Amino acid sequence: MKIAVLISGGVDSAVAVYRLLEQGHDLHLFYIRIGLDNGEGDCSAEEDIEMCRFIADKFHLPFEVVSLHEEYWDSVMEYALRTVRQGLTPNPDIMCNRMIKFGYFEQRWGHEFEKTATGHYATTINDPISGKVWLGTAIDKVKDQTDFLARITYPQLAHALFPIGDMPKSQVREIAVATRMPNAYRHDSQGICFLGKINYNDFIRRHLGERPGAIVEIETGRKLGEHRGFWFHTIGQRKGLGLSGGPWYVVKKNVHDNVIYVSNGYDTERQYGRTLHLTEMHWITADPFGPDCSNTPITFKNRHMPEFLPGRLTRTAEGDYIIESERKVQGIAPGQFAVVYDPESRICYGSGIITGRNIEREHPDL
């Protein structure tokens, strides 16, 4: 099979290349280059590209560096900044997968191949009865990355391959060591999709500036300090508030008045909730529940984490969805995606955007 492989310089995509070669496929390697927001090159990207070239040379494979710089900043980061400006919490990685890796790349290059492979920890499940493909979770549930893939479209999924999704991370490392991969001991990448070790607050400051406002204890109304703009903070955040006598958690934001509300203590109930209201629900393959979905058992994630939380899903009369969690959920942040799975956490069905009343956009006295 003729396959385009997206590689990053990391160990996961390198082992994906090795596994596909073992299976006898014809591979063409690609690295997607995204420059920094100031238009300059990225030193960490040059190191990644050097690693990718080594992998390509090691296995005598064709390799291309392709640029989607403008598309990335016009779509993914425009979405992220717009969302932050509204007082919401974005997830650029989810949108990056849909719009860049499986979007523009597919339109420009990937469509010329039978499949496009990545190093994501995910699987695909073929339904022999319907012939449809479903997004399956990884064998390694701690490393599972299906939540980052929960907004891709069905055509994107049907064209995708995830060669390492059926292996634990420990085995991926073992293969990398055994095959003498140059990145066998390289640390996993952290940070926003493609932007590497960028300082998030510096990035937001460059684009949105600063707007000082009050940090207020929600129970008493007492002003505890000042922040530099509500867009630097998200619901459930504990670090970076600069308050003594903590821990303090961000539990609410008033965008109109630029006020951050906090609550004290590791066990403060205000950092928890059980109800998630979802809008803009996206089913990857198909709606598995239908219009009469009510109190249906599921598992879900409200952010990237190793646990799959048990809950029940109900469709509202307006077409939105409500998740009632069986456990208390920490840091339910409006703007983030809640990802819906089957009760066994085997199939990722799709995702919706979390809404909430803990962000006020209008003046409370109006």
Side-chain angles (χ1 to χ4, degrees), residues 37-38 76-95 190-192 195 197-280 302-305 325 328-338 353-366:
D37 54 327
N38 57 11
V76 177
M77 297 318 293
E78 190 278 331
Y79 142 80
L81 291 170
R82 182 182 71 251
T83 303
V84 168
R85 192 180 289 114
Q86 293 170 346
L88 304 171
T89 302
N91 192 318
D93 292 319
I94 286 181
M95 300 307 291
Q190 302 291 330
I192 301 173
L195 296 186
K197 298 177 181 178
I198 186 172
N199 183 292
Y200 180 74
N201 280 349
D202 288 346
F203 167 75
I204 294 296
R205 186 177 292 107
R206 282 200 300 274
H207 290 272
L208 300 184
E210 294 186 355
R211 184 185 167 198
I215 301 176
V216 174
E217 185 174 25
I218 194 166
E219 292 87 354
T220 65
R222 180 168 56 106
K223 181 179 176 180
L224 303 176
E226 282 200 345
H227 61 81
R228 296 184 177 180
F230 65 79
W231 41 74
F232 293 111
H233 304 283
T234 187
I235 305 299
Q237 176 183 337
R238 179 169 67 90
K239 297 181 179 179
L241 292 169
L243 300 177
S244 60
W248 294 94
Y249 288 87
V250 176
V251 296
K252 184 178 179 181
K253 295 195 281 187
N254 184 319
V255 172
H256 182 279
D257 293 333
N258 193 28
V259 176
I260 299 294
Y261 293 95
V262 297
S263 187
N264 185 266
Y266 286 108
D267 296 321
T268 173
E269 286 299 314
R270 290 185 179 271
Q271 68 164 306
Y272 296 102
R274 289 183 182 268
T275 303
L276 295 80
H277 179 266
L278 312 183
T279 190
E280 298 183 38
N302 68 306
R303 61 182 181 277
H304 184 58
M305 55 187 180
S325 177
K328 293 189 296 185
V329 182
Q330 195 270 339
I332 301 173
Q336 279 279 28
F337 294 90
I353 300 175
I354 299 172
T355 68
R357 297 181 181 273
N358 46 4
I359 288 185
E360 296 178 15
R361 292 184 177 80
E362 302 299 330
H363 195 287
D365 296 332
L366 297 180

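Quantities reported herein were computed from a predicted structural model and do not represent experimental measurements.
The structure places CD of E78 at 8.0 Å from OG1 of T83, a figure rounded to the nearest 0.5 Å. Of the inter-residue distances, the one linking N264 atom CG with E219 atom CD reads 8.0 Å to the nearest 0.5 angstrom. To the nearest 0.5 Å, the span separating CG on L278 from CG on N302 amounts to 10.0 Å. We find the CG-CD distance between L81 and Q86 to be 11.0 Å, quoted to the nearest 0.5 Å. To the nearest 0.5 angstrom, H277 atom NE2 is 13.0 Å from I332 atom CD1. Note that CG of L88 is 13.5 Å distant from CH2 of W231, once rounded to the nearest 0.5 Å.
For N258 (side chain) and R211 (main-chain N/O), a donor-acceptor pair under 3.5 Å exists by modelled atom type. Of the possible donor and acceptor atoms, none in the side chain of Y249 sits under 3.5 Å from a partner among the backbone N and O of I235. Under a 3.5 Å cut-off, the side chain of E226 and the backbone N or O of R228 do not form any donor-acceptor pair. Judged by distance alone, with hydrogens and angles left aside, the side-chain atoms of Q330 form a donor-acceptor pair with the main-chain N or O of G236 at under 3.5 Å. Between the side chain of H227 and the main chain of G242, no donor-acceptor pair closer than 3.5 Å is present.
Contact annotation: the side chain of I354 never approaches that of F337 to less than 4.5 Å [non-hydrogen atoms, C-beta and beyond]. Two residues are said to be in side-chain contact when any heavy atoms from C-beta on lie closer than 4.5 Å; H304 and N91 fail this criterion. By the 4.5 Å heavy-atom criterion applied to side chains, D93 and V76 are not counted as neighbours.
The shortest non-hydrogen separation linking T89 to A333 is OG1-CB, 3.7 Å. Scanning both residues, P247 and R238, for their nearest heavy atoms gives CB-CD, 3.5 Å. In this structure, A80 and P92 approach most closely via the heavy-atom pair CB-CG, 4.0 Å. When every heavy atom of G240 is checked against every heavy atom of H233, the shortest pair comes out as O-CE1, 4.0 Å.
Applying the side-chain contact (heavy atoms from CB on, under 4.5 Å) test between W248 and each of I215, L224, I260 identifies L224 as the sole match.
Both the sub-6.0 Å distance and the 45° axial angle are not jointly satisfied by K253 relative to the ring of F230.
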